Amino acid sequence: MSETAMRFDLVISGAGMVGLALAAALAPTGLRILLLEQQALEQSGALDALPSDRFDVRVSALTKASSQLLDSLGAWSIIEGLRAAAYTDMHVWDGMGRGEIHFSADELHEPCLGHIVENRIIHAALLKVVQQYAQIEIMQGVGLSALSAPDAAGGRQITLTNSDIIHTPLLIGADGALSKTRQLSGIGATEWDYGHHALVTTLISEQSHQHTCWQVFTEDGPLALLPLASTSPHYLSLVWSTSPAHARSLQALSDEALGQAITHAVGGRLGDIRVADRVMALNLRQRHAHQYVDTGLALIGDAAHTIHPLAGQGVNLGFLDVASLADVLTQAHQAGESLSSLAVLRRFQRQRRAENIKMAATMEVFRRLFGHRPAPIRLLRSLGMKGLDQLAPVKNHLVAMAMGTKGDLPPLCRAPIRVF
């Protein structure tokens, strides 16, 4: 190892939502942490005067577990001070049949099912939290260019794109789906193209969104309309997953024609719909790392796994990774164990990899089931949806699991116990 290398207790490559959340979660340990980010970070002050009719076209449907994590980190109050749209209901239906399911917070005795929040707001809130800690340093405009094998103690030497050299016991890859950390580590990944692009933009509906998420499975793919936080109950975020050819044809339409196409696709449930912002198309691929950890290295969030957005679980899985890894590392640090230790890091992998694979498999089943299928399959699908909608205990258990209010959650994601 270089004698001139800068030394940090922990290096996180990627200062997106997941990387920032991990830094904030580990800050109470007192570890000296370095965050690396290739892009310039938007400062939280830039969001203090958000126009009421302008939204980030990238949004996340945060589960209760995710909002609890953000609250534990001190970011949720900042997010609510900016804007977050609580949704109380979900309507999901088969656009090629008659099946429909309605999920309601009232049936679960909850104030809401979750929140729709713009990604830039989540990111700004987490950045504001991280900047409060003197022991966390952020280097912008740099990334990884080389990574050593583990040394005798399990640590890693990192060479940055600006030629700086860093030595750390533990490198965390939170640098997205095309993770340089994963590539340099030699960890392989299984991946395939979904054959879908996701169209995202902001919409205005004629009728109120009713604090409801609306999702229809069309012949071309799932289309979701998500309520946005505004003084007007007519702003929605669109996420339409469809074939690349269909996505290109939709993008080529005028705003008026695209609005009509969306109105038709959702059966006019919210009246006429207008496009209110630029339309972006995102290529969708599933990826899953063959392993999440190695000596002195761990992968979290999209660096470890990406899934189809039809259930909005992407960043929520990343936040569960954060809560799990933070708990494992905090306990190891308090016990005097080495953060480089593969035995320590495998505790995190055991907690998260199987759960993430299970979610990815579930989303793949839904994607295939609601694709273009023969008429008998469509009939059975619709009957199944209708039947499930009548089975309140089963339906409510499923939505509670998706909300993150049930199951074996990491401590940072658990709601505080109510005392009556």
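A quick note: this is a predicted structure, and the numbers were derived from the prediction, not measured.
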Apply the test side-chain contact (heavy atoms from CB on, under 4.5 Å) to residues Asp408 and Arg414: give CA-CA distance (whole Å), side-chain angles for both, the deciding distance (0.1 Å), then the verdict.
CA-CA 9 Å; Asp408 187 16; Arg414 296 174 192 163; 4.0 Å; yes
Take Met139 and Asn162 through the side-chain contact (heavy atoms from CB on, under 4.5 Å) test and state the conclusion after the steps.
CA-CA 11 Å; Met139 293 180 64; Asn162 65 357; 3.9 Å; yes
Start with the C-alpha gap between Asp277 and Thr201, add the side-chain angles, then the distance that decides, and say whether side chain to side chain donor-acceptor pair (under 3.5 Å) holds.
CA-CA 6 Å; Asp277 206 339; Thr201 191; 5.5 Å; no
Residue pair Asp321, Arg352: steps toward the salt bridge (charged side-chain N to carboxylate O under 4.0 Å, His left out) verdict:
CA-CA 6 Å; Asp321 289 351; Arg352 293 301 309 147; 3.0 Å; yes
Please report the C-alpha distance between Leu329 and Phe348 in whole Å, then the side-chain angles of each, then the deciding distance to 0.1 Å, and finally whether the side-chain contact (heavy atoms from CB on, under 4.5 Å) criterion is met.
CA-CA 9 Å; Leu329 294 180; Phe348 155 69; over 6 Å; no
Between Leu225 and Arg269, is the side-chain contact (heavy atoms from CB on, under 4.5 Å) condition met? List the steps.
CA-CA 11 Å; Leu225 301 179; Arg269 293 202 179 202; over 6 Å; no
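With contacts defined as side-chain heavy-atom distances shorter than 4.5 Å, the pair Phe319/Ile122 qualifies. Side-chain contact between Leu297 and Leu147: present, with at least one pair of heavy atoms (C-beta onward) separated by less than 4.5 Å. With contacts defined as side-chain heavy-atom distances shorter than 4.5 Å, the pair Ser13/Gln38 does not qualify. The closest side-chain heavy-atom distance from Val57 to Thr202 is below 4.5 Å. With a 4.5 Å cut-off on side-chain heavy atoms, Cys112 and Lys64 count as touching. Under the 4.5 Å side-chain criterion, counting only non-hydrogen atoms from C-beta, His211 is in contact with His209. Between Leu26 and Leu325, every side-chain heavy-atom pair lies at or beyond the 4.5 Å cut-off. Contact check for His197 versus His246: no side-chain heavy atoms found under the 4.5 Å cut-off.
Tyr292 and His288 have parallel rings, their planes meeting at less than 30° on a 0 to 90° scale where 60° marks the start of perpendicular. Between Trp93 and Trp214, the angle of the ring planes goes over 60°, which puts this pair in the perpendicular group of the 30/60° scheme.
Put simply, CG on Leu41 and CG on Leu127 are 5.5 Å apart, with the number rounded to the nearest 0.5 Å. With rounding to the nearest 0.5 angstrom, the CZ atom of Arg285 is 9.0 Å from the CG atom of Leu178. Once rounded to the nearest 0.5 Å, the distance linking CD1 of Ile158 with CD1 of Ile166 reads 6.5 Å. A distance of 4.0 Å separates CD1 of Ile204 from OH of Tyr235, quoted to the nearest 0.5 Å. Interatomic distance, Thr263 OG1 to Leu258 CG, rounded to the nearest 0.5 Å: 9.0 Å. Expressed to the nearest 0.5 Å, how far OG1 of Thr306 lies from CG of Asn356 amounts to 11.0 Å.
Remark: side-chain polar atoms of Ser324 are not paired, donor with acceptor, to backbone N or O of Leu320 under 3.5 angstrom. Judged purely by atom type and a 3.5 angstrom limit, Thr242 has no side-chain atom pairing as donor or acceptor with the backbone of Ala247. Side-chain atoms of His123 come within 3.5 Å of backbone atoms of Ala15 as a donor-acceptor pair (strictly under, hydrogens ignored). Not one N or O on the side chain of Asp302 forms a donor-acceptor pair closer than 3.5 Å with the backbone of Gly176. A donor-acceptor contact shorter than 3.5 Å is absent between the side chain of Gln215 and the backbone of Met90. No donor-acceptor pair under 3.5 Å is formed between the side chain of Arg248 and the backbone N or O of Ser243. No donor-acceptor pair under 3.5 Å is formed between the side chain of Arg287 and the backbone N or O of Ala303. At distances below 3.5 Å, not a single donor-acceptor pair connects side-chain atoms of Glu206 with backbone N or O atoms of Gly271. Between the side chain of Ser179 and the backbone N or O of Asp175 there is no donor-acceptor pair closer than 3.5 Å. Looking at Thr168, its side chain never comes within 3.5 Å of a backbone N or O of Leu171 through a donor-acceptor pair.
Of all the heavy atoms in Ala25 and Leu412, the pair that sits closest is CB-CD1, 3.9 Å. In plain terms, the two heavy atoms of Ala261 and Leu253 that are nearest each other are CB-CD1, 4.4 Å. Heavy-atom minimum distance, Leu126 versus Ala75: CD2-CB, 3.9 Å. In this structure, Leu223 and Ala265 approach most closely via the heavy-atom pair CD1-CB, 3.8 Å. Across every non-hydrogen atom of Asp294 and Arg156, the tightest pair is OD2-NH2, 3.5 Å. A pairwise comparison of heavy atoms in Gly19 and Leu35 identifies O-CD2, 3.8 Å as the closest pair.
Look at Asp327 and Arg347 and you find no salt bridge, because none of the NZ, NE, NH1 or NH2 atoms lies under 4.0 Å from a carboxylate O.
Tested against Thr181, the residues Ile300, Val11, Leu299 include a single side-chain contact (heavy atoms from CB on, under 4.5 Å) partner, Leu299.
Between the side chains of Asn119 and Ser60, at least one donor N or O lies within less than 3.5 Å of an accepting N or O.
With a 6.0 Å radius and a threshold of 12 heavy atoms from other residues, nucleotides or ligands, Arg58 has its CZ atom at or below the threshold. With a 6.0 Å radius and a threshold of 12 heavy atoms from other residues, nucleotides or ligands, Arg274 has its CZ atom at or below the threshold. Sparse packing is recorded around CD of Gln39, with 12 or fewer heavy atoms of other residues, nucleotides or ligands lying under 6.0 Å away.
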